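Below is one structure, written out as structure tokens; the observations come after it.
In this text the structure is predicted, and so the values were computed from the model without any measurement. Just so it is clear: chains get the letters A, B, ... in the order the sequence lines come, proteins before strands, and each one is counted from 1.
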There are 2 protein chains.
Amino acid sequence: MSAVKNSGKAVKDGKTSGFPPGRIRIADSLRLLLEKKDFGSITTAEIARTAGVTEALIYKYFKDKRDLLYQVLREYLEHYDARFELDVKGIKGALNKLRKVIWSHLNVYATDRVFAKILLVEVRSFPDYYNSEPYMLVKKYSNTLKSIIEEGVSNGEIRDDVSPSIIRQIILGALENICLTAVAFDRVMSPDELSESLCELLFSGIEKNSDADRKT
Amino acid sequence: MSAVKNSGKAVKDGKTSGFPPGRIRIADSLRLLLEKKDFGSITTAEIARTAGVTEALIYKYFKDKRDLLYQVLREYLEHYDARFELDVKGIKGALNKLRKVIWSHLNVYATDRVFAKILLVEVRSFPDYYNSEPYMLVKKYSNTLKSIIEEGVSNGEIRDDVSPSIIRQIILGALENICLTAVAFDRVMSPDELSESLCELLFSGIEKNSDADRKT
DNA sequence: ACAGAAAGGTGAATGTTACTAACCTGAATG
DNA sequence: CATTCAGGTTAGTAACATTCACCTTTCTGT
């Protein structure tokens, strides 16, 4: 009865075409339920009821419950990956690119809580996640980030005495930790202020230095 | 002769605990099993079998399976919290303290993988974790960290134009992200090298600065 | 001394839950 | 016009976490 409303919401820019209605409704239902509950306490019965289909249909389209989660995550990632590509285009300088990426990252997590929740808290405890399709997309994003850092090292913007991988881990760690607390406690976050603070700290460090010649 | 009620908390070897043998064996079993499997795929039957007790006994000492995990985590945290108190004692300067804390943090995660695994991947997906006893201990640790940062701001070691909370989040985020990948992929980590790189970056930033006055 | 409470532990159910096998139905396809 | 096939359903099942009733040993107050 309480079927999910199909149009309007979710990440479905044309990409949804090709999928049968049942599959769409199931994925939509999971997204909807994730707004209020954690994945672990959402039952297949609940998903099916919300979607207005039977439980068995879930297993026609998804290997198991986790596969459903992974595929929903994959759809999100594909959507946002496309956007990230464009984000960095036309920006000059590695630090400027980094700044933009950090802002976008925060902004996406701030706007799309379900996406943030899946990526930050739900999938992490499943060991097979690290072999999954969506994780490969995350890795791709992560590699793009590393390339930007390497570019910065090459042109002298970024220090060369610490490996780009560690720099990337710090950036991502900081980003995700900030978002994690926001997600866990349902706190609002302001991408503008946060990215400002974050970039300041990441770029110049926490040490109080004779650093008066800052402009941006 | 009345039994001496030992209020000591079991950690790892559990020998000094005043807990009944069954409880100790159950907690020990979970710790053992967590070395090879994730919490989600460890069954109560498995825990009981490993402990040499019946499944029902688990529920005499623990509210449910998750409570068992939380209590095991709490024992770890109480153990390490005591050590952490001493760690910072006698160190002068906020940045030096921070350096020490970072090293210890990395070192604990590097040596005690089960502890790291519980804290970094297992509990995060349970919403009630953030109201649990062990989380309060984490918060306490987190507050100590903030105090150190605030001390650094007061005495001019640390910049005062960004809030200590954000600084702390970056430090913890970086720390945990590094450890998370190590845990997820079962990679060894070297606390010495890592803390060196981490501190360098956190203190001085990633920007290549004409910063000739760095201490050797 | 001894009733009885408390502590430590067990064996056998029970209700949920994720997941599966077999079947139905209409519409393309050849 | 037989057949495949996509989309969907009905009716299970095994595994799992959790509970209930019960047993035995140790401690405690009077």
Side-chain angles (χ1 to χ4, degrees), chain A residues 1-4 6 16-30 33-34 37-73 118 122-123 125-129 132, chain B residues 1-8 10 14-15 17-30 33-34 37-72 118 122-123 125-129 132:
Chain A
M1 278 323 278
S2 57
V4 107
N6 202 344
T16 24
S17 340
F19 286 136
R23 206 216 100 123
I24 295 171
R25 297 170 65 95
I26 289 167
D28 281 346
S29 296
L30 179 60
L33 290 168
L34 277 171
K37 304 180 74 172
D38 62 307
F39 182 68
S41 34
I42 295 170
T43 68
T44 50
E46 209 172 353
I47 296 168
R49 183 162 24 86
T50 310
V53 300
T54 56
E55 264 180 272
L57 194 62
I58 296 173
Y59 298 89
K60 283 284 186 235
Y61 299 118
F62 309 97
K63 198 177 137 285
D64 51 26
K65 197 185 153 200
R66 278 216 307 252
D67 184 46
L68 165 56
L69 182 68
Y70 292 160
Q71 292 212 36
V72 165
L73 176 58
I118 298 177
E122 302 294 3
V123 294
S125 46
F126 306 139
D128 69 335
Y129 164 66
S132 72
Chain B
M1 204 56 200
S2 58
V4 176
K5 284 288 177 191
N6 188 352
S7 65
K15 281 174 186 163
S17 153
F19 287 132
R23 208 217 99 122
I24 296 172
R25 305 193 57 159
I26 290 167
D28 281 347
S29 297
L30 178 59
L33 289 168
L34 277 171
K37 304 179 74 171
D38 63 306
F39 182 68
S41 34
I42 295 171
T43 67
T44 50
E46 210 171 353
I47 296 168
R49 183 162 25 84
T50 309
V53 299
T54 55
E55 268 181 272
L57 194 62
I58 296 172
Y59 296 89
K60 281 284 186 235
Y61 298 118
F62 308 97
K63 199 177 136 286
D64 51 25
K65 199 184 150 198
R66 278 217 306 252
D67 184 46
L68 165 57
L69 183 68
Y70 291 161
Q71 293 212 36
V72 164
I118 298 177
E122 302 293 3
V123 294
S125 46
F126 305 139
D128 68 336
Y129 163 66
S132 73

In whole angstrom, what separates [X]'s [atom1] from [N]'s [atom2]?
X	N	atom1	atom2	value
B:Arg66	D:dC16	CZ	P	18 Å
B:Glu46	D:dA17	CD	C1'	14 Å
B:Ile58	C:dT10	CD1	C1'	13 Å
A:Lys65	D:dC16	NZ	P	15 Å
A:Phe62	C:dC19	CZ	C1'	15 Å

query = Quick one: is D:dT18 close enough that its OP1 or OP2 comes under 4.0 Å of any side-chain N or O from B:Tyr59?
reply = yes
request  = With sequence neighbours left out, write down each residue that passes side-chain hydrogen bond (donor to acceptor under 3.5 Å, both in side chains) with B:Lys37, or none if nothing qualifies.
outcome  = B:Glu46
ask   = Got a sec, which residues hit side-chain hydrogen bond (donor to acceptor under 3.5 Å, both in side chains) with B:Tyr129, two or more places apart in sequence or on another chain?
value = none
query = With a 4.0 Å cut-off on heavy atoms, is A:Ile42 in touch with a base, just the backbone sugar-phosphate, or nothing at all?
reply = sugar-phosphate
Name all residues meeting the side chain to side chain contact (heavy atoms under 4.5 Å, CB included) criterion together with [X]; count only those two or more places apart in sequence or in a different chain, and write none if there are none.
X	value
A:Ala56	A:Thr54
B:Arg25	B:Ala51
A:Thr44	A:Glu55, A:Ile58, A:Tyr59, A:Lys65
B:Pro20	B:Arg23, B:Tyr61

ask   = By salt bridge (charged side-chain N to carboxylate O under 4.0 Å, His left out), which residues pair with B:Asp38, not counting sequence neighbours?
value = none
task = List the protein contact pattern of nucleotides 6-15 of chain D with one symbol per nucleotide (5' to 3'): B for base contact, S for sugar-phosphate-only contact, - for none; contact means a heavy-atom distance under 4.0 Å.
result = -SBBB-----
ask   = If every non-hydrogen atom of A:Leu69 is compared with every non-hydrogen atom of A:Leu30, which pair is closest and at what distance?
value = CA-CD2, 3.9 Å
message = When the axes are fitted on five pairs at both termini, how much does the helix from C:dA1-D:dT30 to C:dG30-D:dC1 curve, in 10° steps?
response = 0°
